[in-house]
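Worksheet: one structure, shown below.
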Amino acid sequence: MYETLLTSLKENILTITINRPTKLNAVNRQVMHELGLVVEEVYNDPSVRSVLLTGAGDKAFVAGADISEFMGLSVEDGKAVARTGQELFMKIERSPKPIVAAVNGFALGGGCELAMACHFRVASENARFGQPEVNLGLIPGYGGTQRLVQLIGKGRALEMMLTGNMITAGVALQYGLVNAVVKSEELIANARALLVTINSKAPRALSMCIEAANAVFDESSNGYEAELNSFGACFGTKDMQEGTAAFLEKRKPLFTGN
Ligand code: COA
């Protein structure tokens, strides 16, 4: 169905694999376009409850935007490229269904930005993170200047952006950029296990958690107000009735997303 992505749906988890291993899964226009389509699918397909995003091969998650497409672009073209990337990555960040990045090697430039747009990240021991755009006379353009500061703090973020140096998976863990570092061969199973746990929870509560967490960084919304409105809205759901009843009846809840 897609030329640059592999997708597979199992146990309501959609695995999306960016599949240009000979180019270290660099994100070209086609990948961008197809990521946009697959994100629409995530929003609209009720059989998708959560997403695992990774890269093909054992060397890279995504080694950045495809540098070969940057030659000859004008100032306006550059802005348009950034706008397209920012809008797509924001759509990933605002997905009502959890999206977890399984970072299996280089996550550089747009690859680090893509991983940061996901709701959280797990990494393999060989993962490397970096924002090396300054080596090209560029800056991160798909939300990276904002999300890196949000996730690891300004000093560490600026060191990464200004030096262009890569950090190891261990340093990324220490910085809080990733939640866990696991052996390469265990990465997908580890991420899937987290998503199986997540998929057993009430879907609307999950999307409200994501929305409230995003509100922290959204100047146009009051996070506490968003939280209390969502908390209240939970009381109008069948899943909240089911969850509380199941607890009191000492049984497992069966959530339907209603
Ligand atoms: N855009 C386009 N092509 C890329 C790419 C990118 N961001 N990253 C890697 N590739 C391509 C290489 O050009 C090479 O293609 P080729 O075999 O047709 O020449 C192939 O992927 C393999 O990469 P290579 O550089 O040979 O692998 P390596 O192991 O020697 O180095 C990296 C790996 C990640 C250190 C190196 O590829 C790199 O620095 N990539 C660019 C990272 C970057 O600046 N990203 C931000 C972009 S804004």
Point to revise | For the student: nearest non-hydrogen atoms of G144 and P140, plus distance | key: CA-CB, 4.1 Å
Review point. L37 and L114: same hydrophobic cluster, using ILVMFWY side-chain contacts below 4.5 Å?
Key: yes
**Study point:** ring pair (Phe, Tyr, Trp, His ring centres under 6.0 Å) partners of residues 171-192, not counting sequence neighbours, each pair once
**Key:** none
Check your understanding: With a cutoff of under 4.5 Å between side-chain heavy atoms, which Ile, Leu, Val, Met, Phe, Trp and Tyr residues group with L187?
Key -> I13, L52, V100, F120, V122, V182, I188, L194, L195, V196, I198, L206
Check your understanding: Between CG of L108 and CZ of R128, what distance do you get to the nearest 0.5 Å?
Key -> 10.5 Å
Review point. Within the side chain of N104, is there an N or O that forms a donor-acceptor pair under 3.5 Å with the backbone of S184?
Key: no
Check your understanding: How far does CZ of R156 sit from CD of E159, to the nearest 0.5 angstrom?
Key -> 9.5 Å
Review point. Between V134 and M161, is any pair of side-chain heavy atoms under 4.5 Å apart?
Key: no
Point to revise | Residue pair R20, N28: steps toward the side-chain contact (heavy atoms from CB on, under 4.5 Å) verdict | key: CA-CA 10 Å; R20 296 183 75 213; N28 62 6; 3.3 Å; yes
Review point. Side-chain heavy atoms under 4.5 angstrom apart, residues restricted to Ile, Leu, Val, Met, Phe, Trp, Tyr: same cluster for Y2 and M32?
Key: yes
Exercise for review: Enumerate the residue pairs fulfilling ring pair (Phe, Tyr, Trp, His ring centres under 6.0 Å) with a member in residues 6-65, sequence neighbours excluded, ordered by first and then second residue.
Suggested key: none
Check your understanding: Between N25 (side chain) and A60 (backbone), is there a donor-acceptor pair under 3.5 Å?
Key -> yes
Check your understanding: Quick one: does T54's side chain have a donor or acceptor within less than 3.5 Å of a partner on A102's backbone?
Key -> yes
Practice item. Among L53, D45, V38, find the one that has a side-chain contact (heavy atoms from CB on, under 4.5 Å) with L14. Key: V38
Point to revise | Shortest non-hydrogen contact between S230 and M208, atoms and distance | key: O-SD, 3.3 Å
Check your understanding: Other than F255, which residues form its hydrophobic cluster under the rule that side-chain heavy atoms must be closer than 4.5 Å?
Key -> none
Check your understanding: Near Q30 CD, under 6.0 Å, is it more than 12 heavy atoms from other residues, nucleotides or ligands?
Key -> yes
Exercise for review: Hey, could you give me each pair passing ring pair (Phe, Tyr, Trp, His ring centres under 6.0 Å) that has a residue in residues 196-246? Not counting sequence neighbours.
Suggested key: F231-F235
Practice item. Start with the C-alpha distance between V39 and I92, add both sets of side-chain angles, then the distance that settles side-chain contact (heavy atoms from CB on, under 4.5 Å), and finish with yes or no. Key: CA-CA 7 Å; V39 169; I92 291 172; 3.8 Å; yes
Practice item. Looking only at non-hydrogen atoms, find the nearest pair between E113 and G141 and report the distance. Key: OE2-N, 3.3 Å
Check your understanding: Among all residues two or more places apart in sequence or in another chain, which pass the salt bridge (Lys or Arg N to Asp or Glu O under 4.0 Å) test with R192?
Key -> E11
Check your understanding: If you count the non-hydrogen atoms of other residues, nucleotides and ligands that lie under 6.0 Å from CD in E186, is the total more than 12?
Key -> yes
Point to revise | K183 and E125: CA distance, side-chain angles, deciding distance, side-chain contact (heavy atoms from CB on, under 4.5 Å) verdict | key: CA-CA 6 Å; K183 290 198 174 78; E125 285 169 339; 4.0 Å; yes
Practice item. Mind jotting down which residue pairs meet the ring pair (Phe, Tyr, Trp, His ring centres under 6.0 Å) criterion with at least one end in residues 76-96? Sequence neighbours excluded, please. Key: F89-Y142
Review point. Can you name the residues that form a side-chain contact (heavy atoms from CB on, under 4.5 Å) with S200, not counting sequence neighbours?
Key: none
Review point. Hey, mind stepping through V31 and K23 against side-chain contact (heavy atoms from CB on, under 4.5 Å) and telling me if it holds?
Key: CA-CA 12 Å; V31 175; K23 296 290 177 190; over 6 Å; no
Point to revise | Cluster link I67 to V75, ILVMFWY, side chain under 4.5 Å | key: no
Review point. Going by distance alone, is a donor N or O of one side chain under 3.5 Å from an acceptor N or O of the other, for S68 and D66?
Key: yes
Review point. Counting only heavy atoms not in D58, do more than 12 sit closer than 6.0 Å to its CG atom?
Key: no
Review point. Taking only residues two or more places apart in sequence, or in another chain, which ones meet Q146 in a side-chain contact (heavy atoms from CB on, under 4.5 Å)?
Key: Q150
Review point. Do the side chains of E69 and V81 get nearer than 4.5 Å, heavy atoms only?
Key: no
Exercise for review: Working to the nearest 0.5 Å, report the span between SG of C112 and CD of E133.
Suggested key: 8.5 Å
Review point. According to a 4.5 Å side-chain heavy-atom criterion applied to Ile, Leu, Val, Met, Phe, Trp and Tyr, with indirect links allowed, do M1 and I18 form part of one hydrophobic cluster?
Key: yes
Practice item. Evaluate whether atom CZ of F70 has more than 12 neighbouring non-hydrogen atoms of other residues, nucleotides or ligands under 6.0 angstrom away. Key: yes
Exercise for review: Taking salt bridge (Lys or Arg N to Asp or Glu O under 4.0 Å) as the test, write out the residues that go with R94, two or more places apart.
Suggested key: none
Check your understanding: For T237, what residues pass the side-chain contact (heavy atoms from CB on, under 4.5 Å) criterion, not counting sequence neighbours?
Key -> R204, D239, M240
Check your understanding: Which heavy atom of I210 sits nearest a heavy atom of K97, and at what distance?
Key -> CD1-C, 4.1 Å
Review point. Closest heavy-atom contact between R121 and A115?
Key: NH1-O, 2.8 Å
Revision key, fill the gap. A172 meets the side-chain contact (heavy atoms from CB on, under 4.5 Å) criterion, sequence neighbours left out, with F129, I167, L177, V178
Practice item. Can you measure from CG (L35) to NZ (K91) and round to the nearest 0.5 angstrom? Key: 12.5 Å
Check your understanding: V42 and S95: which non-hydrogen atoms are nearest, and at how many Å?
Key -> CG1-OG, 4.1 Å
Point to revise | Check: E242 side chain, L254 main-chain N or O, donor-acceptor pair, under 3.5 Å | key: yes
